[in-house]
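Have a look at the structure below, then the notes.
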Amino acid sequence: MRSHIIIAALLVAPGATLLAQDTSTTQMPQRDTIHGYNTQQNMGRRDSLQGDNALVMKIHKINQMEIKAGQLAQRNSSTAKVKAYGQQLVRDHQAADQKITTLAQSLGVTLKNDTTTGRSQQPYDTTRGRYGQRGDSAMQGHDQDAMREHQQAEQRLQRLSTLQGTQFHAEFANFMAQGHDKAIKWLEQAQSNVQNSQLRTFITSTLPTLRTHLQVAQSLGGSTTTTTTTSSQ
């Protein structure tokens, strides 16, 4: 009887060992998965903060562009309504830019053409990620798209500076309608991804002003549909 018990124990033991090994094997991926999830969370949080910085920089560029456009409308337009709209653009976007400049200082972001004094910070390099760290290809692609859009807007603004009277009126109205429509959609989308509460509040308070600007541009005959013509090249 004793020999039967010993033999049975020997037969069961290897199976038990294999079972223990299988259990430990199934647990390892779970730990790796949890570790990877935490890493992804940290990377996502870091990328979100970088996104806030890039957002602040882009808002500043938009404000500067709208201020230039408003000043140009006051000089080149022959219509009182367009001149008044230009004054509104300058006033509102200067006020918005003062707020975004203050917010940029609190985030440690150096804005181009920013004349305010504050903490000395290393400029944010949009082609390499946050402060000299190389960003991923998706971020670089986004930055390149933003730079291309900004260059196109600068070209349109330069063309506007050569126009006068009714010709200026038509192209300026289209430029403002299309620009504000795009900015509104972009900020509405970005609003859900913003990490900084002050930046989120800024967007919430700015959107109504941009919608008003869009409505005025449309009342001046501006269209939100972008069309490419020979004269606008």
Side-chain angles (χ1 to χ4, degrees), residues 53-107 109-118 146-188 190-191 198-226 232:
N53 294 345
L55 187 65
V56 167
M57 294 173 67
K58 187 171 181 179
I59 291 172
H60 172 66
K61 286 183 178 180
I62 290 175
N63 283 330
Q64 293 296 307
M65 185 72 66
E66 298 295 340
I67 291 169
K68 291 178 183 177
Q71 292 170 340
L72 191 59
Q74 295 176 69
R75 291 196 304 269
N76 289 30
S77 177
S78 58
T79 306
K81 189 173 182 181
V82 174
K83 288 180 178 291
Y85 181 45
Q87 291 176 346
Q88 181 183 17
L89 289 173
V90 173
R91 181 183 64 251
D92 291 347
H93 283 282
Q94 281 182 341
D97 206 47
Q98 288 177 357
K99 294 179 181 178
I100 208 67
T101 298
T102 300
L103 181 55
Q105 289 179 345
S106 68
L107 293 175
V109 178
T110 301
L111 298 177
K112 185 177 179 180
N113 299 327
D114 183 9
T115 58
T116 57
T117 58
M147 185 177 297
R148 185 161 48 249
E149 287 182 3
H150 182 70
Q151 290 173 345
Q152 291 173 350
E154 285 281 6
Q155 290 172 358
R156 292 190 69 179
L157 195 62
Q158 180 63 32
R159 171 174 164 71
L160 275 172
S161 67
T162 66
L163 303 179
Q164 298 286 337
T166 57
Q167 195 175 11
F168 174 86
H169 182 131
E171 190 146 340
F172 172 75
N174 283 334
F175 183 36
M176 291 297 94
Q178 291 158 14
H180 281 89
D181 182 58
K182 184 178 293 185
I184 290 167
K185 291 176 179 176
W186 168 65
L187 285 175
E188 287 175 341
Q191 195 172 22
Q198 289 179 300
L199 181 55
R200 190 181 301 109
T201 299
F202 171 85
I203 293 174
T204 301
S205 63
T206 299
L207 279 169
T209 301
L210 295 182
R211 294 187 183 107
T212 298
H213 291 179
L214 173 59
Q215 291 172 357
V216 175
Q218 290 174 324
S219 73
L220 294 173
S223 170
T224 57
T225 303
T226 304
S232 62

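Residues: numbered from 1 along the sequence shown.
Within the 4.5 Å cutoff, the side chain of Leu160 has no heavy atoms near those of the Asn76 side chain.
Of the charged side-chain nitrogens involved, none lies within less than 4.0 Å of a carboxylate oxygen, so that Arg159 and Glu154 do not count as a salt-bridged pair.
Listed by chain and number, the residues in a side chain to side chain contact (heavy atoms under 4.5 Å, CB included) with Ala173 are Leu220 (sequence neighbours excluded). Under the ring pair (Phe, Tyr, Trp, His ring centres under 6.0 Å) criterion, Phe168 pairs with Phe172, not counting sequence neighbours. Contacts of Gln191 classified as side chain to side chain donor-acceptor pair (under 3.5 Å), with partners at least two apart in sequence or in another chain: Thr204. Lys182 is linked by a salt bridge (charged side-chain N to carboxylate O under 4.0 Å, His left out) to nothing, counting only residues two or more places apart in sequence or in another chain. Considering only residues two or more places apart in sequence or on other chains, Asn174 meets the side chain to side chain donor-acceptor pair (under 3.5 Å) condition with none of them. Under the salt bridge (charged side-chain N to carboxylate O under 4.0 Å, His left out) criterion, Asp97 pairs with no residue, sequence neighbours left out. For Gln71, the side chain to side chain contact (heavy atoms under 4.5 Å, CB included) partners at least two apart in sequence or on another chain are Ile67, Arg75, Val90. Applying the side chain to side chain donor-acceptor pair (under 3.5 Å) criterion to Lys81, with sequence neighbours excluded, gives no partner residue. Residues passing the side chain to side chain contact (heavy atoms under 4.5 Å, CB included) test with Ala190 are Leu55, sequence neighbours excluded.
In plain terms, the two heavy atoms of Ile100 and Leu111 that are nearest each other are O-CD1, 4.4 Å. Looking at every heavy atom in both residues, Ala73 comes nearest to Gly86 through CB-CA, 4.0 Å.
Annotation: Lys99, atom NZ; neighbour count of heavy atoms from other residues, nucleotides and ligands within 6.0 Å does not exceed 12.
Under a 3.5 Å cut-off, the side chain of Gln178 and the backbone N or O of Thr225 do form a donor-acceptor pair. At least one donor-acceptor pair closer than 3.5 Å links the side chain of Lys83 to the backbone N or O of Ser77.
The side chain to side chain donor-acceptor pair (under 3.5 Å) contacts involving residues 205-221 comprise Asp92-His213, His93-His213, His180-His213, Glu188-Arg211, where partners must be two or more places apart or lie in separate chains.
Remark: Gln64 CD to Leu157 CG distance equals 11.5 Å, nearest 0.5 Å. For the atom pair CD of Gln164 and OG1 of Thr166, the computed distance is 10.5 Å after rounding to the nearest 0.5 Å.
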